[in-house]
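A short write-up of the structure that comes next.
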Amino acid sequence: MYIKEIPQFEGKEVVLKGWVANRRDSKGLVFINLRDGSGLCQCIADANKISAEEFENAGKLSLESAAEIHGTVVKDERQIGGFEIQVTKLIVIQIAEEYPIAKKEHGIEFLMDKRHLWLRSQRQWAILRIRNTIIYSIHQFFQKEGFVQMDAPIFTGNACEGTTNLFETDFYGDPAYLSQSGQLYGEAMAMAFGKIYTFGPTFRAEKSKTRRHLSEFWMIEPEVAFMDIHENMDLIENFLQFVIRAVLDNCQNELKLIDRDTSILESSLKKFPRLSYDEAVAIIKGEKDVNGQNSIKSLEDELAKVELAIAAANAEIADREAKLAVPGMKKGEINFNQNKIATLKNDLKDLEEQQRNIPQWIQSAKNFEYGNDLGGSDETVITRLFDVPVMVYDWPHEVKAFYLKRNPNDQRFARGVDVLAPEGYGEIVGGGERETDEQKLRDKIIEHDLPMAEFEWYLDLRKYGSVPHAGFGLGLERLVTWLCKLKHVRESIPFPRMYGRLLP
RNA sequence: UCCUUGAUAGCUCAGCUGGUUAGAGCGAGUGACUGUUAAUCACUAGGUCCCUGGUUCGAGCCCAGGUCAGGGAGCCA
């Protein structure tokens with residue numbers, strides 16, 4: 001019997017096993033918020049309805065203690081889930097020691113150190129259930145479309161893309177690297193199975209400390225034979241919309257718990273704009289408007305808004321501090337005001353950071369040099385103008401991976417495509433159409449200064465039935481982060497691995 | 001690797017221009033209260049002010065070096 005099934009048992013006797021998420025006492029009454037992994041439910045232990053020993057035990061239940069509770073389901077609109085349990089019997093399974101995570105705000109370092117316990121709190125629970133729905137719907141989409149799930153190896157002998165840092169390990173005395181992409185193997189498998197997708201861990205040893213990077217993350221990489229870049233963009237759009245719809249259909253409760261405004265998710269079900277690199281650059285530099293909006297002007301407006309918000313927050317802090325300075329305030333009210341000030345100060349830190357960042361974004365957008373890759377701020381600048389993910393294709397070939405095909409009509413461009421998520425989240429998908437000509441690939445490998453011998457097996461694919469093909473890679477954690485509107489990827493995975501973080 | 005901000009009680013933070021015995025709230029413990037939602041109220045306990053060295057009559061505060069962390073850049077999904 002799980003808490004999520006309670007609505008089916010109104011008026012009946014049930015048995016729940018779970019952990020104490022919160023407890024409040026009153027004379028003759030103990031309120032227990034029980035958590036069992038499926039949901040939360042308030043249980044009321046009444047001194048008149050259970051034995052004296054059981055009532056005493058109920059009072060001893062510390063935060064995160066485990067108990068088995070027997071009781072009657074009673075409808076009560078005020079409660080989470082609309083029901084509560086009148087306890088008839090209470091069995092203590094374990095009394096927990098003092099629980100470190102208080103019912104209060106904590107700093108991120110502390111919470112990350114306690115990640116194994118933090119997973120129990122409601123917000124983390126909701127995010128990771130959404131992650132589960134996303135994973136399930138990814139498999140559903142590809143399976144219904146006839147893709148074969150086929151994983152790439154994790155130990156690799158070569159550097160697929162060469163540029164990024166790899167984790168080196170010892171493979172029976174030889175150096176081996178943890179995979180940074182299954183891409184090349186996916187191409188081989190697509191030549192055998194037609195449509196495949198990989199779903200596995202990926203490792204990048206970049207000493208990045210940003211809200212978008214992990215050292216270990218999960219990547220989904222489909223690859224399809226006889227598909228060109230435009231069909232690839234169709235696939236990406238259908239795929240992402242299937243996943244978004246699955247989250248909207250199945251996770252309303254979780255989305256509400258994390259306070260996610262779903263309007264952008266709903267608007268993302270309409271067609272994704274497809275911009276060429278040239279168009280994207282013109283928009284970033286403010287040379288081209290989108291629906292009457294100019295990138296530079298809208299940033300300047302944003303900066304003005306941020307400055308107003310900073311002034312408002314400072315005024316409110318001053319006001320509340322003045323009130324606190326007057327003696328005679330009740331303790332509860334003091335507490336309320338102090339917490340409010342703490343929250344405001346935290347908001348202020350974020351606002352002040354934006355105040356510092358936006359002018360830099362404006363500068364970097366104005367000075368954007370044609371031919372460069374888009375930086376994090378450029379992605380933000382462009383996605384702020386849309387309420388759907390944006391696809392940018394046909395990139396200067398110099399900035400993209402060696403295996404991408406050139407646009408046959410304009411050799412300056414490689415047929416890569418990036419999907420930029422709205423709300424400032426930036427790149428969540430990178431992909432494109434692959435080069436089919438063996439000699440052109442050899443030239444590129446030399447140009448990128450990669451060891452040719454390591455790629456001979458890959459070049460074989462171009463000798464035996466080389467056909468047009470395309471695919472993409474989706475970073476699971478970046479998708480979770482955007483769909484949940486998280487501030488940082490570290491909350492999108494149960495145990496994040498990042499620079500400086502190997503425990504727990 | 002670079003830029004930037006920070007480290008004070010179990011947690012979140014305050015601590016003025018260097019000054020005598022370092023503070024608050026939460027959490028914990030004890031007690032009060034029959035409907036609470038981070039309950040409320042009273043009392044109690046709780047400190048290597050990150051480390052090393054320096055300046056000074058005097059350092060939580062100033063200086064130098066280090067460690068760790070937050071945010072950003074580069075790079076990427």
**Request:** Run the numbers on A:Ile108 and A:Arg490 for side chain to side chain contact (heavy atoms under 4.5 Å, CB included), then give the verdict.
**Result:** CA-CA 10 Å; A:Ile108 191 63; A:Arg490 65 187 154 217; 3.3 Å; yes
**Derivation of the side-chain hydrogen bond (donor to acceptor under 3.5 Å, both in side chains) call for A:Gln149 and A:His139** = CA-CA 8 Å; A:Gln149 204 266 340; A:His139 284 294; 5.4 Å; no
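Taking a cutoff of 4.0 Å between a charged side-chain nitrogen and a carboxylate oxygen, A:Lys444 and A:Glu435 do not qualify as a salt bridge. Between A:Arg204 and A:Glu216 there is no salt bridge, since none of the side-chain N atoms of the basic residue sits less than 4.0 Å from a carboxylate O of the acidic one. A salt bridge links A:Lys485 to A:Glu423: one of the charged nitrogens lies within less than 4.0 Å of a carboxylate oxygen. Taking a cutoff of 4.0 Å between a charged side-chain nitrogen and a carboxylate oxygen, A:Glu84 and A:Lys75 do not qualify as a salt bridge. A salt bridge does not link A:Asp378 to A:Lys285: none of the charged nitrogens lies less than 4.0 Å from a carboxylate oxygen. Note on A:Arg501 versus A:Asp113: salt bridge recorded, some NZ/NE/NH1/NH2 to OD/OE distance being below 4.0 Å.
Whole-Å rounding puts the A:Ile108 CD1 to B:rG71 P distance at 8 Å. Between the C1' atom of B:rA73 and the CD1 atom of A:Ile358 lies a distance of 17 Å, rounded to the nearest Å. We find that CD1 of A:Ile134 is positioned 14 Å from C1' of B:rA77, with the value rounded to whole Å. Atom P of nucleotide B:rG72 and atom NZ of A:Lys487 are separated by 11 Å, given to the nearest angstrom. Rounded to whole Å, the distance from CG on A:Leu502 to C1' on B:rC68 is 16 Å. For the pair A:Arg490 CZ and B:rA77 C1', the computed distance is 18 Å after rounding to whole Å. Atom CG in A:Asp378 sits roughly 13 Å away from atom P in B:rC76 (whole-Å rounding). Between A:Leu374 atom CG and B:rA77 atom P there is a gap of 13 Å when expressed in whole angstrom units.
Using a 4.0 Å heavy-atom cutoff across all strands shown, A:Arg501 reaches no nucleic acid atom at all. Using a 4.0 Å heavy-atom distance criterion, A:Ile101 is classed as making no nucleic acid contact. A:Gly426 comes within 4.0 angstrom of no nucleic acid atom, judged by non-hydrogen atoms across all strands. Contacts of A:Gln86 with the nucleic acid, taken as non-hydrogen atoms under 4.0 Å apart, include base atoms. Residue A:Asn48 is in base contact, counting any heavy-atom pair closer than 4.0 Å across all strands shown. A:Leu29 comes within contact range of at least one nucleobase, with a heavy-atom separation under 4.0 Å. Among the atoms of the strands shown, none is found under 4.0 Å from any heavy atom of A:Glu97.
Using the Watson-Crick or G-U wobble rule with both distances under 3.5 Å, B:rA22 pairs with nothing in any strand shown. Remark: B:rA7 base-pairs with B:rU67; criterion is Watson-Crick or G-U wobble with both hydrogen-bond distances under 3.5 Å. Across the strands present, B:rA32 finds its partner in B:rU40; the criterion is a Watson-Crick or G-U wobble pair with both atom distances under 3.5 angstrom. Across all strands shown, the partner of B:rA73 is B:rU1, judged by Watson-Crick or G-U wobble contacts whose two distances both fall under 3.5 Å.
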Strictly under 3.5 Å: I want the nitrogen or oxygen pairs between protein and nucleotides 3-10 of chain B, one per line.
none

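Both A:Ser62 and A:Gly107 lie close to RNA chain B; mapped to their nearest nucleotides by heavy-atom distance, the more 5′-ward contact belongs to A:Gly107. Nucleotides of RNA chain B nearest to A:Glu477 and A:Tyr499 differ in position, and the one nearer the 5' end is that of A:Tyr499.
Going from the C1' atom of B:rG47 to that of B:rC11 covers 14 Å, rounded to whole Å. Using C1' as the reference atom, B:rA38 and B:rU12 are 14 Å apart when rounded to the nearest Å. Using P as the reference atom, B:rC3 and B:rU20 are 37 Å apart when rounded to the nearest Å. Taking atom C1' in both B:rC2 and B:rU8, one finds a spacing of 30 Å when rounded to whole Å. Taking the P atoms as reference points, B:rC43 lies 26 Å from B:rU48, given to the whole Å. Separating the P atom of B:rG58 from that of B:rG19 is a span of 15 Å, rounded to the nearest Å. B:rG23 and B:rA14 have their C1' atoms separated by 7 Å, with the value rounded to a whole Å. Atom name P, nucleotides B:rG53 and B:rC61: the rounded distance is 14 Å, in whole Å.
Side-chain nitrogen and oxygen atoms of A:His213 include none within less than 4.0 Å of the OP1 or OP2 phosphate oxygen of B:rG74. Not one side-chain nitrogen or oxygen of A:Arg23 sits closer than 4.0 Å to the OP1 or OP2 atom of B:rA38.
Between A:Phe402 and A:Phe455, the ring center distance clears the sub-6.0 Å criterion. A distance of 6.0 Å or more separates the ring centres of A:Tyr403 and A:Tyr458.
Closest to the side chain of A:Arg211, out of B:rA39, B:rA69, B:rG72, is B:rG72. Comparing B:rG35, B:rG72, B:rA77 by their closest approach to the side chain of A:Asp76 singles out B:rG35. Of the candidate nucleotides B:rA73, B:rU34, B:rA77, B:rA77 has the atom lying nearest to any side-chain atom of A:Met219. Nearest to the side chain of A:Asn22, among B:rA77, B:rG71, B:rA39, sits B:rA39. Listed nucleotides B:rG35, B:rA69, B:rU34 differ in distance to A:Phe31; the shortest reach to its side chain belongs to B:rG35.
In this structure, the side chains of A:Glu221 and A:Tyr197 stay at 4.5 Å or more apart for every pair of heavy atoms.
Side-chain to base pairing of A:Arg24 with B:rC33: no donor and acceptor N or O lie closer than 3.5 Å to each other. Taking only distance into account, the side chain of A:His106 never meets the base of B:rC11 through a donor-acceptor pair shorter than 3.5 Å. Not a single donor-acceptor pair, N or O on each side, falls under 3.5 Å between the base of B:rU36 and the side chain of A:Asp25.
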